[in-house]
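Sequence lines set the chain letters: A, B, ... in the order given, protein chains first and strands last, and positions in each chain run from 1.
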Amino acid sequence: MKFSIYRYNPETDKKPYMQEFDLDIPEGSDMMLLDALLELKDQDATLAFRRSCREGVCGSDGFSINGKNGLACITPISSLKSPVVVRPLPGLPVIRDLVVDMAQFYKQYEKIKPYLIANDEPPAKERLQSPEERAKLDGLYECILCACCSTSCPSFWWNPDKFVGPSGLLQAYRFLIDSRDTQTDERLADLDDAYSVFRCRGIMNCVDVCPKGLNPTQAIGHIRSMLLKRGV
Amino acid sequence: MVATVTSLGRSGLHDWIIQRVSALIMLAYTLYLAYFVISTGDVTFAAWQGLFASTFMKVFSLLALGSVVMHAWIGLWIVSTDYMPKLAIRMVFQVLVIVMCLALMIWGIQILWSI
């Protein structure tokens, strides 16, 4: 199978280039793309990429794979057409090869205050939720912050400093509907500008690429409804 | 919270709701005009002038014109903040759009009230 991998070392290369690799993969192999990348790294040890848990939980190995963002560790080689083109996640500065600088992404995550804020009297034991209240967090808490969604979103490409992005907004909604959080109104007030939420045009690239099968567009719709209820 | 001064509305929600309501008004106006053209058959100058002579049509036309102006302001403002990263170009474009929108509004009032 043929591979075409994005290479760029800012210390030695004037500009990025694609490096071709060839790998013998037996027919019907259940290998994942990450396994193949590791074998390519055996061929050329200078190839740099991030990976950690190798089972789709840590969110380190998000790449643009044949033009679509995804996690290499849970992308079966058998699902890919040769040549497999692997590039870094689009829209973020490249540090080296497939390694991107995620600072802007994390800054947006930090902005939405991704932690429970409960200013009421702390109970003796713990803040309880009914099973129904807890069920509202399903499909939201599973986000692993791999950045596949936000870096597939044109609105995030153009305004990464102002638009929170699908990942951050999914997390924002996770705390907005948490029955234990008391800062709902303050959280909504922070989001009600022309960029943070409303730069979403609903093209659903985020839903298309999410390796965990989550739906940021729906969460953004819910935030919009909450803003509407608060403002009308 | 991101601050903006050249946008039409005072918040993201404000712009969003104006954009949607103005779209509905423009749709209603387009359908009404289409209905007039189809139902009239022979659209003569007299028929056309008669249509715009009524107060209802003047108000409806002004409402539609206002909707076009607000819709364009919001829409082009968004396009410029997406695709014009250079501050000078973006600012000149936004000022041009706003001035043109206001001029069109005034011109439209003058035309409609002269019939």
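Heavy atoms closer than 4.5 Å to chain B are found in the side chain of A/R199, but not in its backbone. Only the side chain of B/T4 comes within less than 4.5 Å of a heavy atom in chain A; its backbone stays farther off. Heavy atoms closer than 4.5 Å to chain B are found in the side chain of A/N159, but not in its backbone. Of the atoms belonging to A/V164, not a single heavy atom falls under 4.5 Å from chain B. Residue contact with chain A, scored on non-hydrogen atoms closer than 4.5 Å, involves the side chain of B/I17 exclusively.
At most 12 non-hydrogen atoms from other residues, nucleotides or ligands lie less than 6.0 angstrom from CZ of A/R87. At most 12 non-hydrogen atoms from other residues, nucleotides or ligands lie less than 6.0 angstrom from CE of B/M100.
Remark: the A/Q104 side chain and the A/K107 side chain contain no N/O donor-acceptor pair separated by less than 3.5 Å. Under 3.5 Å, the side chains of A/Y109 and A/S167 contain no donor-acceptor pair of N or O atoms.
Listed options A/V197, A/D190, A/L191, A/D193 were ranked by heavy-atom pairs under 4.5 angstrom with chain B; first place goes to A/D193.
Classified by interplanar angle (parallel below 30°, tilted 30° to 60°, perpendicular above 60°), the ring pair B/W48/B/F36 is tilted.
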